[in-house]
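Heavy-atom basis, side chains included; hydrogens, waters and symmetry copies ignored. Naming: A, B, ... by sequence-line order, numbering from 1 per chain.
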Number of protein chains: 2
Amino acid sequence: MRYAIKIAYFGNNFFGSQFQPNFRTVAGEILKALKKLGINSKLAFASRTDAGVHALGQVIAFNSDWKVTPNMLNSELPDDITAWAFCEVPENFNPRKAKSRVYSYVFYDEGYDLSKIKNALELLEGTWDFSNFTKGYRGGKRTIYSAELRKEENFLILEIEGNAFTWNMVRCIATALKNVGKEKELDWFEKMLKPEVHRERVQPSPPYGLLLKDVKYEKIDFEIEEYAKRLLQRRIKNRLIESGTLYKLLSLELESSNSRE
Amino acid sequence: MRYAIKIAYFGNNFFGSQFQPNFRTVAGEILKALKKLGINSKLAFASRTDAGVHALGQVIAFNSDWKVTPNMLNSELPDDITAWAFCEVPENFNPRKAKSRVYSYVFYDEGYDLSKIKNALELLEGTWDFSNFTKGYRGGKRTIYSAELRKEENFLILEIEGNAFTWNMVRCIATALKNVGKEKELDWFEKMLKPEVHRERVQPSPPYGLLLKDVKYEKIDFEIEEYAKRLLQRRIKNRLIESGTLYKLLSLELESSNSRE
């Protein structure tokens with residue numbers, strides 16, 4: 001039998017999702033956990049994520065002679081990876097063949113012109129060759145179904161859904177949007193979407209703002225395991241409290257250092 | 001000559017302020033920097049801080065045959081310690097003999113009864129034996145000049161100023177205040193301040209919420225070095241953006257995991 005499992009992970013302490021000998025990776029930890037459960041299967045991922053990138057709805061698939069639930073996996077996984085939903089899938093299921101991926105990218109608002117950024121986001125929807133937004137120039141055509149920006153306090157949140165994404169694509173889009181919000185014209189952004197006439201590399205924005213929020217499929221109906229979901233939420237909340245505390249403390253420190261003349 | 005220098009540090013990657021062989025400590029890093037500057041002096045701290053505790057206005061003192069400025073120190077220090085103000089002081093200056101210390105403690109609001117906490121804070125002002133709020137039962141009398149609480153979003157910020165603080169005192173006070181905000185009566189808090197009639201240990205709240213904000217002296221007039229201050233502010237802001245981004249991303253993740261049923 002073959003299983004697809006939804007997993008979440010905190011990216012900080014991983015050298016990315018893909019297996020690398022001698023480095024701590026998401027795949028490496030999951031393969032170890034599977035081995036402890038007596039399962040020796042190849043492991044497939046829906047989307048590769050780089051070091052530092054977080055995931056809520058990453059999807060993995062593997063073969064097993066018995067039913068594997070998120071709770072079982074979690075009992076063998078470290079506490080920065082949490083499985084929370086599962087589905088038995090056809091033998092030939094390839095998690096890369098998804099209908100769409102949803103990413104969020106969070107970044108600090110340095111006083112950008114948000115209406116200009118929103119115009120760029122409208123341009124983005126549709127099918128483009130994203131070679132200029134791709135590490136290694138191996139780009140290719142991808143379709144963006146929706147791209148939206150909202151502001152929360154001093155932070156901007158980009159939500160983007162597309163059929164697929166090239167390597168570093170969301171982080172390069174984030175950089176291009178920041179450029180548009182600062183000094184670049186909309187024309188420039190439009191040219192960037194046409195690598196056949198304009199070749200230019202933008203550097204990816206930092207990985208720690210990126211969340212792989214969901215991967216959607218045509219026909220797969222994931223079953224959420226309530227206990228695993230609550231475990232995940234507790235883990236997210238603990239880290240949220242810790243990072244929020246540090247954020248507040250540093251805000252206080254900055255303010256206080258400003259007031260000393 | 002003897003110098004007093006105000007330093008800030010991010011506590012995460014230190015095993016506390018005090019020198020320990022084979023561990024990365026604030027004192028260890030400063031002694032290394034002084035050695036590189038050709039200074040072989042004992043190093044005194046105004047206040048000891050535990051692993052994970054942050055400082056904005058810690059004060060150190062050492063002897064040197066030549067004038068040592070924050071900029072000079074910063075050129076040899078790692079980027080998680082920043083000197084930002086200095087003063088030549090009398091030969092017998094002991095930084096522990098301060099007029100007062102100011103601490104901030106940041107913690108998550110789990111729905112506490114804030115008016116009850118504020119009543120406890122009023123009680124706190126004055127001179128008490130803080131043995132029940134001290135690691136190792138070595139307490140003693142300390143005077144609290146002011147203790148205030150404010151709320152910012154989901155976080156509470158305690159600001160407390162006193163002549164001196166016993167080991168773990170602020171973090172134990174934070175725990176006791178949380179208890180009062182949840183289920184303990186004000187009577188209990190009052191009893192805790194009287195170790196001669198009531199002995200009870202409270203566990204310290206986590207170190208990462210604690211900031212040593214300032215140490216004040218009667219007659220020392222610190223000179224702020226503008227360049228060093230801006231360096232510090234840039235460093236704080238970089239970390240603030242990183243922790244704030246993670247906080248926002250995790251908030252988003254929690255919210256999104258909630259909406260999946």
Report the C-alpha distance between B:Leu249 and A:Ser104 in whole Å, list the side-chain angles of each, state the deciding distance to 0.1 Å, and finish with yes or no for side chain to side chain contact (heavy atoms under 4.5 Å, CB included).
CA-CA 8 Å; B:Leu249 187 145; A:Ser104 301; over 6 Å; no

Is there a side chain to side chain contact (heavy atoms under 4.5 Å, CB included) between B:Leu211 and A:Lys248? Walk through the geometry before answering.
CA-CA 11 Å; B:Leu211 173 70; A:Lys248 278 290 158 199; over 6 Å; no

Take A:Phe10 and B:Leu250 through the test side chain to side chain contact (heavy atoms under 4.5 Å, CB included) and record every step on the way to the result.
CA-CA 9 Å; A:Phe10 307 111; B:Leu250 293 169; 3.7 Å; yes

Is it the case that more than 12 heavy atoms not belonging to [X] sit under 6.0 Å from its [atom1] atom?
X	atom1	result
A:Lys97	NZ	no
B:Arg235	CZ	yes
A:Asp79	CG	yes
A:Gln203	CD	no

Checking A:Glu159 against chain B: side chain, backbone, both or neither under 4.5 Å from a heavy atom?
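Side chain of A:Glu159 only, per the 4.5 Å heavy-atom cut-off to chain B.
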
Option that, when pairs with chain B are counted at under 4.5 Å, heavy atom only, ranks first among A:Ile157, A:Leu240, A:Asn154:
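Option with the greatest count: A:Leu240.
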
Among A:Thr245, A:Leu210, A:Leu232, residue most engaged with chain B (heavy-atom pairs, under 4.5 Å):
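Answer, by heavy-atom pair count under 4.5 Å with chain B: A:Thr245.
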
Taking all atoms of both residues into account, what is the closest heavy-atom pair of [X] and [Y], and its distance?
X	Y	result
A:Ala55	B:Glu253	O-OE2, 3.6 Å
A:Ser256	B:Lys213	OG-CE, 3.4 Å
A:Leu254	B:Gln233	CD1-O, 3.6 Å

Top residue by heavy-atom pair count (under 4.5 Å) with chain A, among B:His54, B:Arg239, B:Glu242, B:Glu153?
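It is B:Glu242.
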
Side chain to side chain contact (heavy atoms under 4.5 Å, CB included) evaluation trace for A:Leu246 with B:Asn12:
CA-CA 10 Å; A:Leu246 182 58; B:Asn12 313 55; 4.3 Å; yes

Please list all pairs passing the ring pair (Phe, Tyr, Trp, His ring centres under 6.0 Å) test where one or both residues lie in residues 205-258 of chain B, with sequence neighbours left out.
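Sorted pair list: B:Phe93-B:Tyr217, B:Phe155-B:Tyr247.
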
